[in-house]
Amino acid sequence: QVQLVESGGGLVQAGGSLRLSCAASGTFFSIGTMGWYRQAPGKQREVVAIVTDNGSTNYADSVKGRFTASRDNAKNTVYLQGNGLKPEDTAVYYCNAKVRQIAYYAYYTDYWGQGAQVTVSS
């Protein structure tokens with residue numbers, strides 16, 4: 001089994017910063033792409049940032065220039081640094097990891113973190 005445990009989140013004033021972490025643990029062969037998603041009340045879950053296993057990143061247009069995603073492969077951890085936060089960034093943030101559990105079987109399973117509430121006050 002694989003677990004993703006998130007930390008960080010909380011209440012931040014507009015213009016402030018926040019850092020989220022997500023650590024994967026359990027038994028597996030490797031982790032592929034990791035990423036961050038968010039879901040605001042009444043809205044669908046949307047992608048925020050994706051980090052490939054070699055560190056390449058992609059961001060949603062709404063967070064480009066303000067958010068930075070990174071990962072530490074030695075720690076099986078992905079991070080999300082958010083700067084210049086806006087009230088519209090308020091949401092529950094979920095980390096995602098595509099995990100390859102068996103060496104000889106190139107199949108990846110999606111795992112999700114428990115979610116971290118981020119609230120940005122104006």
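Bear in mind the structure is a predicted one, so any value in this text is a computation, not a measurement. We use all heavy atoms of the structure for the numbers below, so side chains are in, but hydrogens, waters and symmetry mates are not.
Geometrically, R45 engages Y94 in a cation-pi contact, judged by NZ or CZ lying under 6.0 Å from the ring centre and within 45° of the ring axis. A cation-pi contact links R19 to Y79, judged by a cut-off of 6.0 Å to the six-membered ring centre and 45° from its axis.
At least one side-chain heavy atom of R38 sits less than 4.5 Å from a side-chain heavy atom of S62. At a threshold of 4.5 Å between non-hydrogen side-chain atoms, the residues Q39 and E46 do not count as touching. N96 has its side chain out of reach of M34: every pair of non-hydrogen atoms, C-beta onward, lies at least 4.5 Å apart. Within the 4.5 Å cutoff, the side chain of I31 has no heavy atoms near those of the Y108 side chain.
Considering L85, N83, L20 as possible partners of F67, the one that fulfils the side-chain contact (heavy atoms from CB on, under 4.5 Å) test is L85.
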Check: Given the rule in the side chain to side chain contact (heavy atoms under 4.5 Å, CB included) test, do Y105 and F29 qualify, once you have shown the distances and angles that lead to the verdict?
Finding: CA-CA 10 Å; Y105 188 38; F29 176 70; over 6 Å; no

Next item on the list: Show your reasoning for whether side chain to side chain contact (heavy atoms under 4.5 Å, CB included) applies to L18 and V118.
Entry: CA-CA 9 Å; L18 203 64; V118 173; 3.4 Å; yes

Next item on the list: For the pair D89 and K86, evaluate salt bridge (charged side-chain N to carboxylate O under 4.0 Å, His left out) and give the outcome as yes or no after the intermediate values.
Entry: CA-CA 5 Å; D89 293 319; K86 305 175 181 179; over 6 Å; no

Item checked: Step-by-step side chain to side chain contact (heavy atoms under 4.5 Å, CB included) determination, F28 to N76 -> CA-CA 11 Å; F28 51 87; N76 296 316; 3.6 Å; yes

Check: Would S21 and K75 satisfy side chain to side chain contact (heavy atoms under 4.5 Å, CB included), going step by step from the backbone distance to the final call?
Finding: CA-CA 11 Å; S21 301; K75 296 180 179 180; over 6 Å; no

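Annotation for Q114: atom CD counts as buried by contact number, over 12 foreign heavy atoms lying within 6.0 Å. Within 6.0 Å of CG on N73 lie more than 12 heavy atoms contributed by other residues, nucleotides or ligands. Sparse packing is recorded around CD of Q3, with 12 or fewer heavy atoms of other residues, nucleotides or ligands lying under 6.0 Å away.
Hydrophobic clustering places W112 together with V47 (ILVMFWY residues linked when any side-chain heavy atoms are closer than 4.5 Å, directly or through intermediates). I50 and L4 end up in different hydrophobic clusters when Ile, Leu, Val, Met, Phe, Trp and Tyr side chains are linked at under 4.5 Å. If you chain together hydrophobic residues whose side chains sit under 4.5 Å apart, Y37 and V92 fall into the same group.
Remark: side-chain polar atoms of R71 are paired, donor with acceptor, to backbone N or O of V51 under 3.5 angstrom. Looking at R66, its side chain never comes within 3.5 Å of a backbone N or O of Q81 through a donor-acceptor pair. Judged by distance alone, the side chain of E6 and the main-chain N or O of G115 form a donor-acceptor pair under 3.5 Å. Side chain of T90 to backbone of E88: no donor-acceptor contact under 3.5 angstrom is found. Side-chain N or O atoms of Y111 include none that pairs as donor or acceptor with a backbone N or O of A24 at under 3.5 Å.
Side-chain atoms of D72 and T77 form no donor-acceptor pair, as typed in the model, at a separation below 3.5 Å.
Nearest approach of V2 to Q101, heavy atoms of both residues: CG2-NE2, 3.8 Å. Listed here is the closest heavy atom pair of S121 and L11: CB-CD1, 4.3 Å.
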